Amino acid sequence: MVEAKLARDYDIRFGHGLLKSDSAKWGRYVVITTPSAWAATKDELDHEPAGIGINEWLDRTHLIEVSDSLPDDIDLVVGLGAGRALDHAKLVAHRKGKPLVQVPTVVSTGAIIHGFVADWDGRQIVGQLVVVNCEYVLVDYDVVLRAPERLNTAGLGDVLCGYAGLSEWRHTAELGKTDPVDESKTARSIALYDQIVTDFPASLDADGELTPASVKVIMSAVQARDDALVKDDRAPGADHAFCFVVEIANDKYWIHGEMCALGAVIIAWRTQQSPETLTGWLDKCKVRWRPSDVEITREELGAGIAVWPSWMGDGTNDKPASPSVVVQEPMTEEDIDACWEWLNSN
């Protein structure tokens with residue numbers, strides 16, 4: 001299998017009008033997109049694609065069917081949209097044996113700088129499908145800034161949610177269940193968070209609106225996240241797991257970075273590791289995390305939390321128990337009620 005390129009090594013090109021100028025060089029190409037992304041960008045293309053594949057979800061059967069419906073006699077595959085479209089484009093490039101260019105319409109997801117495509121069976125990840133490294137990423141400021149603000153700022157939620165892992169490690173250390181936090185392992189992530197909460201507010205215009213500089217701050221943070229992430233079993237990624245379990249439990253999609261942020265806030269609250277620090281960062285960065293803002297009900301939240309331990313690994317099905325507080329201190333209905341009240345009062 002192809003080795004995935006490191007996020008830091010991605011060629012990301014920033015500028016105005018890039019989609020129009022770059023597409024003039026594309027020859028015969030196909031686009032993988034979504035209806036909203038296509039409507040927002042089709043007039044920017046220099047010439048029409050040889051085929052358009054519309055992504056509806058990430059189930060492998062759907063991805064393959066769409067791919068096989070597109071022509072083979074092409075020069076290039078273009079991913080145009082957010083995470084689902086970009087992941088789908090990787091699979092199409094793999095099946096067609098053609099180079100890939102990624103054009104995110106929002107800077108909200110690690111799919112932009114990750115070459116792997118998860119193998120989704122319905123809403124369950126059962127493995128890895130393929131790895132495809134794109135030729136380059138085109139961040140056209142004019143395209144990205146047309147999207148709703150929350151879809152872009154969610155990218156910072158997808159980075160700042162790493163605070164959950166720090167919270168878990170500090171919590172278990174305070175309980176005497178593990179060694180004190182190794183500051184040499186956490187320094188890069190803390191430095192990145194400090195940089196984000198300084199640079200992003202400074203990038204906004206006089207009315208507090210996103211600017212091209214804001215887009216670059218977000219995209220650069222998403223690219224820098226992998227190198228800064230705390231890679232230690234004592235800092236499990238329960239924040240991302242929360243996003244997945246809520247969607248599985250409710251058979252419904254939410255905005256990825258927002259739900260990861262909410263998951264991290266719940267972990268910080270549960271471990272009593274200064275959740276107000278994280279919520280302050282998220283508010284500064286205009287990342288939505290409050291239940292009313294992300295549009296999640298108490299019932300939906302509770303359904304996800306109920307699935308959370310088994311997703312993380314609760315010792316069943318020959319899977320070792322995760323050290324996460326999600327597993328070690330599972331939340332009761334009373335705990336969820338208390339959490340819900342706190343989330344809605346802050």
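Note that the coordinates shown come from a computational prediction; the quantities given were computed from them, not determined experimentally.
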J.: Please answer whether the main-chain N or O of Val325 pairs with a side-chain N or O of Arg270 as donor and acceptor at a distance below 3.5 Å.
T.: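 No: the side chain of Arg270 does not pair with the backbone of Val325.
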
J.: Check whether any side-chain N or O of Glu65 sits under 3.5 Å from a backbone N or O of His62 as a donor-acceptor pair, and report yes or no.
T.: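 It does not hold such a pair.
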
J.: Is there a ring pair (Phe, Tyr, Trp, His ring centres under 6.0 Å) between Tyr163 and Trp281? Walk through the geometry before answering.
T.: CA-CA 10 Å; Tyr163 186 84; Trp281 290 349; 5.4 Å; yes

J.: Test your reading of the model: is there a side-chain donor-acceptor pair from Asp293 to the backbone of Arg288, 3.5 Å cut-off?
T.: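 Judged by distance alone, no pair lies under 3.5 Å.
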
J.: Indicate yes or no: does Arg84 engage Glu56 in a salt bridge with an N to O separation below 4.0 Å.
T.: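 No, this pair does not count.
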
J.: Give the minimum heavy-atom separation between Tyr141 and Pro212, together with the two atoms involved.
T.: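 Scanning both residues, the minimum pair turns out to be CE2-O, 3.4 Å.
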
J.: In terms of side-chain geometry, is the basic nitrogen of Lys185 or Asp232 positioned less than 4.0 Å from the acidic oxygen of its partner?
T.: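 A salt bridge is present here (some side-chain N lies under 4.0 Å from a carboxylate O).
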
J.: Do any N or O atoms from the side chain of Trp254 and from the backbone of Glu295 form a donor-acceptor pair under 3.5 angstrom?
T.: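 Present.
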
J.: Taking atom CD of Glu299 and atom CG of Asn250, what is their separation to the nearest 0.5 Å?
T.: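 The CD atom of Glu299 sits 10.0 Å away from the CG atom of Asn250.
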
J.: With no hydrogens and no angle check, do the side chains of Glu174 and Gln273 hold a donor and an acceptor under 3.5 Å apart?
T.: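 Short answer, yes.
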
J.: Just wondering, are more than 12 heavy atoms of other shown residues or ligands nearer than 6.0 Å to CG in Asp233?
T.: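 For Asp233, atom CG is not crowded (no more than 12 foreign heavy atoms under 6.0 Å).
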
J.: With a 6.0 Å cut-off (strictly less than), is the heavy-atom count around CD of Gln272, excluding the residue itself, greater than 12?
T.: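 Count not over threshold, so no.
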
J.: Would you sort out whether Leu100 and Lys90 count as a side-chain contact (heavy atoms from CB on, under 4.5 Å), showing the intermediate values?
T.: CA-CA 7 Å; Leu100 171 67; Lys90 297 166 197 173; 3.8 Å; yes

J.: Return the minimal non-hydrogen interatomic distance between Trp308 and Ala238, and the atom names on each side.
T.: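 Result for this residue pair: NE1-O, 3.1 Å.
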
J.: Working to the nearest 0.5 Å, report the span between SG of Cys161 and CH2 of Trp289.
T.: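 Nearest 0.5 Å value for the SG-CH2 distance: 15.0 Å.
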
J.: Under a 3.5 Å distance rule, please check whether Glu258 uses its side chain to pair with a backbone N or O of Ala154 as donor and acceptor.
T.: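 Such a contact is absent between Glu258 side chain and Ala154 backbone.
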
J.: Determine, stepwise, if the pair Phe200 / Leu210 fulfils side-chain contact (heavy atoms from CB on, under 4.5 Å).
T.: CA-CA 9 Å; Phe200 177 78; Leu210 300 187; 3.5 Å; yes

J.: Would Ser189 and Thr186 count as having a side-chain donor-acceptor pair, cut-off 3.5 Å?
T.: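 There is no such pair (donor and acceptor under 3.5 Å, judged by atom type) between the side chains of Ser189 and Thr186.
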
J.: Flag this pair as yes if the NZ/CZ of Lys5 is under 6.0 angstrom from the six-membered ring centre of Tyr10 and inside a 45 degree cone about the axis; otherwise no.
T.: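 Output yes; distance and angle both within limits.
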
J.: Would you call Asp182 and Arg234 a salt bridge, taking side-chain N to carboxylate O under 4.0 Å as the test?
T.: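 No, Asp182 and Arg234 are not salt-bridged.
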
J.: For the residue pair Leu45 and Lys20, establish whether any side-chain heavy-atom pair is separated by less than 4.5 Å.
T.: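 Counting from C-beta outward, Leu45 and Lys20 never come under 4.5 Å.
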
J.: So that I can tick it off, tell me whether Lys286 and Glu149 are bridged by a salt bridge, with the cut-off set at under 4.0 angstrom between side-chain N and carboxylate O.
T.: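 A salt bridge is present here (some side-chain N lies under 4.0 Å from a carboxylate O).
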
J.: Indicate, with yes or no, if the rings of Trp57 and Tyr253 have centres closer together than 6.0 Å.
T.: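 No, too far apart.
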
J.: Between Tyr136 and Asp22, does any side-chain donor sit less than 3.5 Å from a side-chain acceptor?
T.: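 The criterion, which ignores hydrogens and geometry beyond distance, is satisfied for Asp22 and Tyr136.
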
J.: Scan side-chain atoms only and decide if His114 and Asp226 contain a donor-acceptor pair under the 3.5 Å cut-off.
T.: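 There is such a pair (donor and acceptor under 3.5 Å, judged by atom type) between the side chains of His114 and Asp226.
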
J.: Is there side-chain contact between Val159 and Val222, with heavy atoms separated by less than 4.5 Å?
T.: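 In short, these two side chains touch, coming nearer than 4.5 Å.
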
J.: For atom CD of Glu48, is the number of surrounding heavy atoms from other residues, nucleotides or ligands below 6.0 Å larger than 12?
T.: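 For Glu48, atom CD is not crowded (no more than 12 foreign heavy atoms under 6.0 Å).
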
J.: Using side-chain contact (heavy atoms from CB on, under 4.5 Å), reason through Leu204 and Glu209 one step at a time and then give a plain yes or no.
T.: CA-CA 5 Å; Leu204 302 173; Glu209 301 295 329; over 6 Å; no

J.: Are Val117 and Val77 connected in the hydrophobic side-chain network, where two residues link if heavy atoms are under 4.5 Å apart?
T.: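 Same hydrophobic cluster.
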
J.: Can you tell me if Arg28 uses its side chain to pair, donor with acceptor, with the backbone of Asp73 under 3.5 Å?
T.: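 A pair under 3.5 Å: yes.
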
J.: Is Glu329 atom CD crowded by more than 12 heavy atoms from other residues, nucleotides or ligands, each under 6.0 Å away?
T.: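 It does: Glu329 CD has more than 12 such atoms within range.
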
J.: Calculate, to the nearest 0.5 Å, the distance between atoms OG1 and CD1 belonging to Thr198 and Ile196 respectively.
T.: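 That separation rounds to 10.0 Å.
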
J.: What pair of heavy atoms forms the shortest contact from Asn152 to Val107, and how long is it?
T.: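 That would be OD1-N, 2.9 Å.
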
J.: Check whether any side-chain heavy atom of Ile190 lies under 4.5 Å from a side-chain heavy atom of Leu166, and answer yes or no.
T.: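 Ile190 reaches Leu166 side chain to side chain.
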
J.: Are more than 12 heavy atoms from other residues, nucleotides or ligands located less than 6.0 Å from atom NZ of Lys216?
T.: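 No, not enclosed.
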
J.: From Asn133 CG over to Ile113 CD1, what is the distance, rounded to the nearest 0.5 angstrom?
T.: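 Asn133 atom CG to Ile113 atom CD1 measures 11.5 Å (nearest 0.5 Å).
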
J.: Can you hop from Met259 to Trp340 via hydrophobic side chains spaced under 4.5 Å?
T.: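 Per the 4.5 Å side-chain linkage, Met259 and Trp340 are co-clustered.
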
J.: Check whether Lys96 reaches the backbone of Leu70 with its side chain - one donor and one acceptor, N or O, closer than 3.5 Å.
T.: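 Here the side-chain-to-backbone pair exists.
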
J.: So, Arg95 and Asp68, do they make that salt bridge, N to O below 4.0 Å?
T.: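 So Arg95 pairs with Asp68 through a salt bridge.
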
J.: I'd like to know if Arg13 and Asp140 make a salt bridge, using a cut-off of under 4.0 Å between side-chain N and carboxylate O.
T.: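 No salt bridge links Arg13 with Asp140.
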
J.: Measure the shortest side-chain to side-chain distance between Phe242 and Ile266 over non-hydrogen atoms and say whether it is less than 4.5 angstrom.
T.: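 Heavy-atom side-chain distance check passes, below 4.5 Å.
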
J.: Please check this pair: side chain of Thr41 against backbone of Ala37, looking for a donor-acceptor N/O pair closer than 3.5 Å.
T.: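 Checked: pair present.
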
J.: Heavy atoms, side chains only, cut-off 4.5 Å: are Val78 and Leu76 in contact?
T.: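 With C-beta onward as the side chain, the pair touches.
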
J.: Can you tell me how far CG of Leu80 sits from CG of Asn55, rounded to the nearest 0.5 angstrom?
T.: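 Interatomic distance, Asn55 CG to Leu80 CG, rounded to 0.5 Å: 12.0 Å.
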
J.: Cut-off 3.5 Å, side chains only: do Glu168 and Ser324 have a donor facing an acceptor?
T.: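 Present: a donor and an acceptor within the cut-off.
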
J.: Nearest 0.5 Å please: distance from the OG1 atom of Thr33 over to the CD1 atom of Ile52.
T.: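 Between atom OG1 of Thr33 and atom CD1 of Ile52 there are 8.5 Å.
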
J.: Using side-chain heavy atoms (C-beta onward) and a distance below 4.5 Å, is Leu160 in contact with Tyr193?
T.: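 Yes, close enough: below the 4.5 Å cut-off.
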
J.: Hey, any chance Leu262 and Ile267 share a hydrophobic cluster, counting ILVMFWY side chains that come within less than 4.5 Å of each other, even indirectly?
T.: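 Cluster IDs for Leu262 and Ile267 match.
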
J.: Looking only at heavy atoms, what is the nearest atom pair of Thr271 and His171, with distance?
T.: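 Answer, listing the atom of Thr271 first, then His171: O-ND1, 3.5 Å.
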
J.: Side-chain heavy atoms nearer than 4.5 Å, only ILVMFWY residues, links allowed to pass through others: does that put Val31 and Trp26 together?
T.: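 Yes, Val31 and Trp26 fall within the same hydrophobic cluster.
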
J.: Is any side-chain heavy atom of Thr105 less than 4.5 Å from a side-chain heavy atom of Val144?
T.: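 When only atoms from C-beta onward are counted, Val144 and Thr105 do not touch, as no gap falls below 4.5 Å.
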
J.: Checking the side chain of His88 only, and the main-chain atoms of Leu63 only, is there a donor and an acceptor separated by less than 3.5 Å?
T.: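 The answer is yes, because a donor-acceptor pair under 3.5 Å joins these two groups.
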
J.: Are Glu341 and Arg298 packed together at the side-chain level, in the sense that at least one heavy-atom pair is separated by less than 4.5 angstrom?
T.: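 In short, these two side chains do not touch, never coming nearer than 4.5 Å.
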
J.: In plain terms, say whether Asp158 and Arg225 are close enough for a salt bridge, that is, a side-chain N and a carboxylate O under 4.0 Å apart.
T.: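 Salt bridge: yes.
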
J.: Could you tell me whether the side chain of Asp239 and the main chain of Gly263 form a donor-acceptor pair under 3.5 Å?
T.: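 Not a single qualifying donor-acceptor pair exists.
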
J.: State yes or no: do Leu18 and Ile218 share one hydrophobic cluster built from I, L, V, M, F, W and Y residues joined by side-chain heavy-atom distances below 4.5 Å, directly or via other members?
T.: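 No, separate clusters.
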
J.: Between the side chains of Glu334 and Thr332, does any donor sit under 3.5 Å from an acceptor?
T.: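 Yes, a side-chain donor-acceptor pair sits under 3.5 Å.
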
J.: Which atoms form the tightest heavy-atom contact between Ser23 and His47, and what is the distance?
T.: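 Shortest heavy-atom separation between Ser23 and His47 comes out as O-CE1, 3.0 Å.
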
J.: Please test Glu300 against Lys252 for side-chain contact (heavy atoms from CB on, under 4.5 Å), starting from the C-alpha separation and ending with a verdict.
T.: CA-CA 10 Å; Glu300 290 169 334; Lys252 178 179 176 180; 3.1 Å; yes

